[in-house]
Amino acid sequence: MPHTRVLLCSLLLICASSAADKKAIRPKEMASASGNPLPYTPGILIDGTLYVAGQTGRDLKANKIPEDFEAEVHNCLDNVGLVLKEAGMTFDNAVTVTVYLTDMDLFQKMNGVYSTYFKDPRPARTTVGVAKLVGTARIEITVTAHQ
């Protein structure tokens, strides 16, 4: 009986330690424009679940937010897609999405672009109106995905 307890405890410890392993997901395209490390990790993968940090519609090559809102939404989702891809996932793996908009009147335009990235069954989604986002961003999106 004591050997069984030791074995069981050992297995629990092994499972707990492997379950706690987390991996930083950092697409090379998301390196800081200044050359300094980003102050956040674009994605964290743990136990088959990917947590994508809030992504704005910043054009990663031009390092600016486009004036056209629909282009900003495309960039935002493309940035999310880079993190998903780096983790070996696609938009099909998304289970929840949170969208932050500085102007809820832009909801229909956002939804039109959003619908082209997420196919049925679409992930659960929450859309929140906020007063301000970083810089001139009008949208930010976070995603949780699972393999």
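What you see is a predicted model, and the numbers here were worked out from it, not measured in a lab. Sequential numbering from 1 along the given sequence is applied to the chain's residues.
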Atom pair [atom1] ([X]) and [atom2] ([Y]), whose distance is rounded to the nearest 0.5 Å:
| X | Y | atom1 | atom2 | result |
| --- | --- | --- | --- | --- |
| Asp78 | Lys85 | CG | NZ | 11.5 Å |
| Asp92 | Phe118 | CG | CZ | 9.5 Å |
| Leu82 | Met30 | CG | CE | 5.0 Å |
| Ile65 | Asp59 | CD1 | CG | 9.0 Å |
| Asn63 | Lys61 | CG | NZ | 13.0 Å |

List, one per line, each side-chain donor-acceptor pair under 3.5 Å for residues 68-75, sequence neighbours excluded.
| unit_1 | atom_1 | unit_2 | atom_2 | d |
| --- | --- | --- | --- | --- |
| Asp68 | OD2 | Glu70 | N | 3.4 |
| Asp68 | OD2 | Ala71 | N | 2.8 |
| Glu72 | OE1 | Arg138 | NE | 2.6 |
| Glu72 | OE1 | Arg138 | NH2 | 2.7 |
| Glu72 | OE2 | Arg138 | N | 2.7 |
| Glu72 | OE2 | Ile139 | N | 3.4 |
| His74 | ND1 | Tyr117 | OH | 2.9 |
| Asn75 | ND2 | Gly57 | O | 3.2 |

Between [X] and [Y], is any pair of side-chain heavy atoms under 4.5 Å apart?
| X | Y | value |
| --- | --- | --- |
| Pro123 | Thr96 | no |
| Leu101 | Val130 | no |
| Asn93 | Leu50 | no |

Tell me whether [X] contacts the main-chain N or O of [Y] through its side chain, where contact means a donor paired with an acceptor under 3.5 Å.
| X | Y | value |
| --- | --- | --- |
| Thr41 | Gly43 | no |
| Gln55 | Ala53 | yes |
| Asp103 | Asp105 | yes |
| Thr116 | Val113 | yes |

If you apply the rule salt bridge (charged side-chain N to carboxylate O under 4.0 Å, His left out), what do you find for Arg122 with Asp120, and how did you get there?
CA-CA 5 Å; Arg122 291 188 172 94; Asp120 282 328; 3.3 Å; yes
Identified side-chain contact (heavy atoms from CB on, under 4.5 Å) partner of Thr127 from the options Tyr114, Phe107, Tyr100:
Phe107
Which residue is it: Asn111, Ile141, Thr98, Val143? I am looking for the one with a side-chain contact (heavy atoms from CB on, under 4.5 Å) to Arg125.
Asn111
With the 4.5 Å side-chain cut-off for hydrophobic clustering, are [X] and [Y] part of the same group?
| X | Y | result |
| --- | --- | --- |
| Val52 | Leu60 | yes |
| Val128 | Val97 | no |
| Met89 | Ile44 | no |

Might you work through the side chain to side chain donor-acceptor pair (under 3.5 Å) test for Arg58 and Asn79, ending with a clear yes or no?
CA-CA 8 Å; Arg58 177 175 63 97; Asn79 293 344; over 6 Å; no
More than 12 heavy atoms from other groups under 6.0 Å of NZ on Lys132:
yes
Crowded around Lys119 NZ? As in, over 12 foreign heavy atoms under 6.0 Å?
yes
Please report the shortest heavy-atom distance between [X] and [Y], naming the atom on each side.
| X | Y | value |
| --- | --- | --- |
| Glu140 | Gly54 | OE2-CA, 3.3 Å |
| Ala137 | Thr102 | O-CG2, 3.7 Å |
| Val83 | Ile25 | O-CG2, 3.6 Å |

Determine, step by step, whether Thr142 and Tyr51 satisfy the side-chain contact (heavy atoms from CB on, under 4.5 Å) criterion, reporting the C-alpha distance in whole Å, the side-chain angles of both residues, the deciding distance to 0.1 Å, and the verdict.
CA-CA 8 Å; Thr142 64; Tyr51 301 90; over 6 Å; no
